[in-house]
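Shown next, in structure tokens, is the structure this report addresses.
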Amino acid sequence: MPLYDFQCKDCGEAFEVRATIKEKEAGLESVCPKCGSHEVRQMLTAARMLHGSKEFSPPACGPNAGPGCCG
Ligand SMILES: [Zn+2]
């Protein structure tokens with residue numbers, strides 16, 4: 001189930017809402033968990049899946065690194 005990022009316009013609290021695609025299409029209504037305001041806006045970030053994403057990190061230089069690895 002995707003997570004949607006919201007931010008409260010009143011207090012600036014950022015929070016996540018979990019909703020199905022159908023719920024999202026039907027119009028997701030959220031309230032700020034901190035101040036209870038309905039003045040929230042959805043962040044422009046794309047919906048994130050729960051598993052997240054792993055950052056790619058290049059192999060570190062070491063004894064097994066090829067020639068020219070560290071200059
Ligand atoms: Zn708030």
Side-chain angles (χ1 to χ4, degrees):
M1 200 180 288
L3 286 171
Y4 300 94
D5 289 315
F6 281 83
Q7 187 171 30
C8 177
K9 290 180 182 175
D10 285 345
C11 72
E13 175 80 355
F15 57 99
E16 293 169 339
V17 173
R18 205 186 303 185
T20 64
I21 302 296
K22 278 190 174 181
E23 284 172 339
K24 178 69 170 57
E25 285 176 346
L28 199 55
E29 280 221 9
S30 303
V31 296
C32 174
K34 191 173 177 182
C35 72
S37 171
H38 287 261
E39 292 295 315
V40 297
R41 66 185 174 93
Q42 187 177 354
M43 306 293 274
L44 293 180
T45 51
R48 289 174 294 141
M49 301 307 288
L50 285 178
H51 57 70
S53 61
K54 286 192 174 178
E55 275 187 48
F56 173 77
S57 55
C61 287
N64 294 328
C69 181
C70 291

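Remember, it's a predicted structure, so these values are computed and weren't measured experimentally. Read the numbers this way: they start at 1 and go in the same order the structure lists the ligands and their atoms.
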(message) For a distance under 2.8 Å, give residue and atom name for each protein N, O or S atom next to the Zn ion (ligand 1).
(response)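 N, O, S partners closer than 2.8 Å: Cys8 SG, Cys11 SG, Cys32 SG, Cys35 SG.
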(request) Grab the two heavy atoms, one from Val31 and one from Val40, that are nearest each other, plus how far apart they are. (result)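 Smallest interatomic distance, heavy atoms only, reads C-CG1, 4.4 Å.
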(message) Could you work out, with side-chain hydrogen bond (donor to acceptor under 3.5 Å, both in side chains) as the rule, every residue matching Glu39, not counting sequence neighbours?
(response)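 side-chain hydrogen bond (donor to acceptor under 3.5 Å, both in side chains) check on Glu39 returns nothing, list empty.
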Do [X] and [Y] come close enough that some side-chain heavy atom pair is under 4.5 Å?
X	Y	answer
Pro2	Ile21	yes
Glu16	Phe6	no
Cys32	Cys11	yes
Asp5	Phe15	no

